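Within every chain, numbering begins at 1; the chains are lettered A, B, ... in the order of the sequence lines, protein sequences first and strands thereafter. Predicted model, so just to flag it, every value in this text is computed and none were measured.
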Amino acid sequence: MYSPDPLSAPAAPLLQGLNPEQLAAVTLPSGHALILAGAGSGKTRVLTTRIAWLLQNGHATPGGILAVTFTNKAAKEMVARLTAMLPVNVRGMWIGTFHGLCNRLLRAHHKAANLPQAFQILDTQDQLSAIKRLCKQFNVDEERFPPKQLAYFIANCKEEGLRPRDVPAHDADSRKKVEIYALYEAQCQREGVVDFGELMLRSYELLRDHDPIRAHYQRRFRHILVDEFQDTNRLQYLWLKQMAGDEAEGRLQSHGCVMAVGDDDQSIYAFRGARVGNMADFVREFAVQHQIKLEQNYRSYSNILDSANHLISHNSRRLGKNLRTTQGAGEPVRVYEAATDLAEAQWMVDEIRQLVKNDGFARKEIAVLYRSNAQSRVIESQLFNASVPYRVYGGLRFFERAEIKHALAYLRLLENPHDDTSFLRVVNFPPRGIGARTLEVLQDAARQAGCSLHDAVSAVPGKAGANLGAFVALVDVLREQTQGLSLRGIIEQMLESSGLVEHFRTEKEGADRIENLQELVNAAESFVTQEGFGRDAVALPLDEHGQSLTQSPVSQGLDPDAPRLDEPLRPTAGIIDADTGETLSPLVAFLTHAALEAGDNQAQAGQDAVQLMTVHASKGLEFDAVFIGGLEEGLFPHDNASSDRDGLEEERRLMYVAITRARQRLYLSHAQTRLLHGQTRYNVKSRFFDELPEEALKWITPKQQGFGSFAPNSGAGSAYGASAGGRFGFKSETFASASPASSKATSHGLRAGLAVFHTKFGEGKVLAIEGQGDDARAQVHFPRHGTKWLALSVAKLTVVE
DNA sequence: AGCCTTCGGAGGTCG
DNA sequence: TCCGAAGGCT
């Protein structure tokens with residue numbers, strides 16, 4: 001165990017190279033603190049150095065540290081950096097995701113939380129199928145109450161910290177939804193499963209309703225550090241408050257200090273419940289003493305940074321922050337207007353090849369970002385045609401693949417035969433003659449008897465019953481067979497007995513699946529041997545001196561024969577019951593791991609490949625060169641978001657995140673037409689272009705290609721299209737206001753996508769423009785008269801609303 | 001039970 | 001246009 005010794009602590013190498021703000025944050029005296037950490041300001045470094053500094057100077061012991069992140073990746077990085085920084089046993093600290101830590105709490109105090117120790121975790125797929133099952137059983141009209149919407153509703157309630165009885169319901173529909181919510185809860189409880197929201201809510205309630213437990217953790221965690229605080233939802237905030245202290249006379253009486261690190265300008269997850277308002281609430285309710293802004297950016301050249309600052313200054317509700325850099329201006333931000341989405345992709349590929357060939361950029365240091373996944377297609381195909389290696393982020397993750405979910409379902413049934421979700425997933429997979437009809441009978445029987453499907457099997461008569469019996473027997477036998485086997489052994493045996501591998505052998509395209517199943521064995525193997533399990537093994541609550549909880553008030557007077565929990569943990573010791581010392585089996589630990597950490601979602605890692613991802617997925621990453629495509633009204637900002645101000649501001653923050661990913665080069669582009677949902681859409685360039693500083697931009701004039709050859713103009717007068725009103729609801733603009741006199745090429749004020757009115761043909765849409773001056777012609781599509789080329793010097797066209 | 005057709009919907013996503 | 005879900009047909 002690490003023993004702090006301030007006198008012999010090596011002086012300051014830890015603090016070397018920190019700027020004054022970072023240094024101040026790292027060495028803050030006790031008290032709650034809010035660190036506003038701009039993009040690329042060394043946020044993670046500050047967090048980890050803070051922890052190291054606290055330990056080194058005797059302000060905290062490892063057991064007194066709680067550090068919370070949102071993603072496993074962030075948690076891992078923190079652990080890795082910390083390990084490199086200090087010869088400290090990281091195991092004493094609680095570092096992890098909100099859900100990971102909640103999992104620990106609930107396992108350790110499962111009795112108080114009213115859960116089986118080996119409870120299983122439902123991911124969103126499982127949750128949805130559980131709800132569908134419930135709807136069938138209670139004859140819920142799935143037209144009126146789509147299961148997806150119900151799942152959304154339930155998750156939302158939980159994120160707000162609301163149980164069914166707390167949800168206000170004034171009309172019949174909401175009362176019904178609340179009723180279903182309650183039924184769903186009962187079903188989960190009966191089956192011993194929890195969803196992600198429940199993990200948070202249940203552990204919040206555990207702390208709230210059990211004074212000794214709450215007191216224990218409050219006393220233990222002297223320092224609570226929260227990463228990406230702007231992404232916390234209401235419930236996570238409430239959870240933090242429970243951990244930090246009790247409220248009395250409107251003030252939080254706190255034992256420890258909370259350091260919240262975040263950036264309101266990078267809050268892009270309101271749609272999944274994040275409340276930026278938590279930052280203001282935190283300052284008020286915790287009476288925050290220290291607020292520090294980290295505005296020094298170590299990532300980007302100033303043209304990029306100025307662009308980001310300029311853009312985000314158009315948002316009104318900000319805490320206020322301005323990034324600065326000591327690096328030079330760097331290259332200008334390049335802006336390209338393409339005729340079509342295809343041309344845009346081609347341009348990107350051309351630029352990428354030049355960056356690699358002429359400027360020596362590594363492909364993996366080049367990223368193409370887009371607002372929505374649908375955009376990746378064209379870009380992928382162009383990269384593919386040009387034989388440029390690329391990698392797409394997103395999509396299915398390892399533990400979410402169907403074959404893996406099937407395998408996990410078998411494993412879960414070994415642990416808990418009453419897990420109906422898993423039961424239904426594999427009862428007839430591989431096919432064993434158990435059809436929908438049979439399952440209906442079985443489910444009816446189970447509901448009548450109020451028991452699990454497993455227990456109701458004997459109630460089904462005839463051949464169907466026999467088939468069911470065979471399935472149950474198969475699982476029971478497997479359970480017997482695997483007693484005492486290693487995790488690897490269990491999985492191999494399961495793959496064999498279940499017939500999964502056999503099934504996929506006969507299926508075309510089954511080879512990949514078999515490969516994945518083999519990979520599952522490997523994953524289990526490395527889980528047992530490597531740090532994964534070893535680190536999780538510290539779920540055991542230790543008090544602030546690293547002492548085991550068996551000597552703390554929580555478990556005093558309980559089992560005196562409980563094993564001493566402070567002895568070195570064996571790798572398979574798993575998570576330990578705070579009362580009895582009972583450990584989690586490797587199998588349950590692995591299943592938990594699979595649910596909490598669904599694995600990477602990137603294809604072929606490692607290669608030097610161009611990175612493709614959504615802007616959301618890019619948060620927290622950085623690249624030498626960044627392309628942001630599809631900067632068009634309706635796409636970015638997205639239609640669904642740009643109607644109200646909050647939505648639009650979040651879109652702008654999203655754009656801010658995108659821009660700040662770039663270190664050296666930034667490329668922006670938009671296309672005049674884009675294939676969307678099988679139709680060509682004519683898009684106006686994004687209003688965000690007008691919110692960037694012109695002096696940092698360099699518009700690249702497209703080559704004369706007979707299409708869209710007019711020089712784009714970055715200045716005023718862009719017509720905001722799709723956001724206003726209908727699909728093509730253009731605002732009325734006269735030629736004059738739409739085209740500054742300085743721009744010859746746009747003197748006719750037309751561009752592809754505009755809606756125009758012709759005295760004879762009526763309303764139409766401009767498809768393309770060719771030529772200059774008197775030769776200028778426009779291709780216009782009129783719904784009643786078809787597509788026509790019109791000489792602009794002759795035809796009288798007006799832009800319409 | 002498995003294949004085929006039809007229909008609807010189409011935004012971002014971590015645990 | 002393309003994808004998945006759901007329902008019908010063999």
Side-chain angles (χ1 to χ4, degrees), chain A residues 68-75 96-104 121-129 132 136 142-143 146-148 152 155 158-159 194-201 203 227-228 231-233 235-236 267-274 341 369-378 393-397 399-400 402 428-439 467 507 592-601 613-620 630 634-643 647 650-651 653-655 657-658 674-681 727:
Chain A
V68 202
T69 64
F70 272 86
T71 63
N72 290 302
K73 198 176 157 203
T97 63
F98 275 103
H99 294 88
L101 298 173
C102 288
N103 176 58
R104 287 184 180 186
I121 298 166
L122 300 183
D123 66 14
T124 25
Q125 287 175 40
D126 300 330
Q127 190 191 19
L128 187 62
S129 64
K132 280 182 181 165
K136 291 231 170 63
E142 295 192 19
E143 297 276 287
K148 274 218 182 95
Y152 193 68
K158 292 188 180 183
E159 274 166 8
V194 300
D195 60 36
F196 288 130
E198 188 70 22
L199 226 36
M200 275 305 315
L201 182 51
S203 63
D227 193 17
E228 306 280 14
D231 289 341
T232 49
N233 61 35
L235 178 58
Q236 284 157 340
S267 161
I268 55 173
Y269 285 114
F271 73 89
R272 68 171 199 218
D341 49 351
L369 310 183
Y370 34 81
R371 175 64 180 81
S372 68
N373 285 306
Q375 288 169 254
S376 77
R377 234 188 137 98
V378 209
Y393 282 69
L396 268 197
R397 294 181 292 180
F399 286 111
E400 291 169 350
N428 197 35
F429 194 94
R432 39 177 82 88
I434 299 170
R437 183 72 225 149
T438 306
L439 290 178
N467 287 342
E507 194 183 67
T592 302
H593 165 79
L596 289 179
E597 204 166 336
D600 280 348
N601 59 3
M613 68 192 82
T614 63
V615 179
H616 280 96
S618 75
K619 190 168 161 225
L635 197 58
F636 200 178
H638 197 276
D639 259 340
N640 302 4
S642 42
S643 52
E650 180 146 318
E651 292 291 301
R653 291 193 293 268
L654 199 49
M655 182 65 186
V657 167
R674 180 176 297 277
L675 218 50
L676 193 66
H677 306 331
Q679 301 174 352
T680 304
R681 295 221 12 196
R727 176 169 287 222

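A:Asp231 and A:Lys619 are joined by a salt bridge, as a carboxylate oxygen and a charged side-chain nitrogen come within less than 4.0 angstrom of each other. Ion pair A:Glu651/A:Arg371 flagged as a salt bridge, since at least one NZ, NE, NH1 or NH2 atom sits closer than 4.0 Å to an Asp/Glu carboxylate oxygen.
Taking side-chain N and O atoms only, A:Asn72 has no distance below 4.0 Å to OP1 or OP2 of B:dC14. Taking only side-chain nitrogens and oxygens, A:Asn373 comes nearer than 4.0 Å to OP1 or OP2 of B:dT13. Close to B:dG15, at under 4.0 Å from its OP1 or OP2, lies no side-chain N or O of A:Arg272.
Both geometric conditions, a ring-centre gap below 5.5 Å and a plane tilt below 30°, are fulfilled for A:His638 over the base of B:dG11.
The CG-P distance, from A:Leu635 to B:dA10, rounds to 16 Å in whole Å. The distance from atom CG of A:Asp639 to atom C1' of B:dG12 is 14 Å, rounded to the nearest whole Å. Here the P atom of nucleotide B:dG11 and the CZ atom of A:Arg674 are 14 Å apart, to the nearest Å. Atom CD in A:Gln125 sits about 15 Å away from atom P in B:dG15, given to the nearest Å. Rounded to an integer number of Å, the gap from CD of A:Gln679 to P of B:dA10 is 15 Å. When the P atom of B:dG12 is taken as reference, atom CZ of A:Phe70 falls 21 Å away, rounded to whole Å. Remark: P of B:dG8 and CD of A:Glu142 are 17 Å apart, rounded to the nearest angstrom. If you measure from atom NZ of A:Lys619 to atom P of B:dG11, you get 21 Å, rounded to the nearest angstrom.
Judged by distance alone, with hydrogens and angles left aside, the side-chain atoms of A:Gln375 form a donor-acceptor pair with the main-chain N or O of A:Ser372 at under 3.5 Å. In this structure, A:Asp341 contributes its side chain and A:Leu675 its backbone to a donor-acceptor pair below 3.5 Å. Panel note: side chain A:Asn428, backbone A:Ile434; a donor-acceptor pair is recorded below 3.5 Å.
In this structure, A:Phe196 and A:Ala436 both approach DNA chain B, and ranking their closest nucleotides by distance from the 5' end singles out A:Ala436. With the nearest nucleotide of DNA chain B identified for both A:Gly678 and A:Thr124, A:Gly678 has the one nearer the 5' end.
Minimum atom distance to the side chain of A:Ser372 is reached by B:dG11, of the listed B:dC14, B:dT13, B:dG11. Distance from the side chain of A:Ala617 is smallest for B:dT13 among the nucleotides B:dG11, B:dT13, B:dG15. Nearest to the side chain of A:Glu159, among B:dA1, B:dG15, B:dG11, sits B:dG15. Taking only side-chain atoms of A:Phe271, from C-beta outward, the nucleotide of B:dT13, B:dG11, B:dG15 with the closest atom is B:dT13.
Nucleic acid contact class of A:Gln375 (heavy atoms, under 4.0 Å, all strands): none. Among the atoms of the strands shown, base atoms are found under 4.0 Å from some heavy atom of A:Ala641. Note on A:Phe98: nothing from the nucleic acid sits closer than 4.0 angstrom, heavy atoms only. Residue contacts shown for A:Arg377 are limited to sugar-phosphate atoms, with no base heavy atom under 4.0 Å away. Among the atoms of the strands shown, only primed sugar atoms or phosphate atoms (P, OP1, OP2) are found under 4.0 Å from some heavy atom of A:Ile434. Here A:Asp123 lies out of heavy-atom contact (under 4.0 Å) with every strand. Heavy atoms of A:Gly433 sit under 4.0 angstrom from primed sugar atoms or phosphate atoms, though from no base atom.
The CG atom of A:Leu101 sits 8.0 Å away from atom OG1 of A:Thr69, with the distance rounded to the nearest 0.5 Å.
Side-chain N/O atoms of A:Glu650 and base N/O atoms of B:dG11 include no donor-acceptor pair closer than 3.5 Å. With hydrogens and angles ignored, a donor-acceptor pair closer than 3.5 Å exists between the side chain of A:Arg371 and the base of B:dG11.
With contacts defined as side-chain heavy-atom distances shorter than 4.5 Å, the pair A:Glu228/A:Tyr269 does not qualify.
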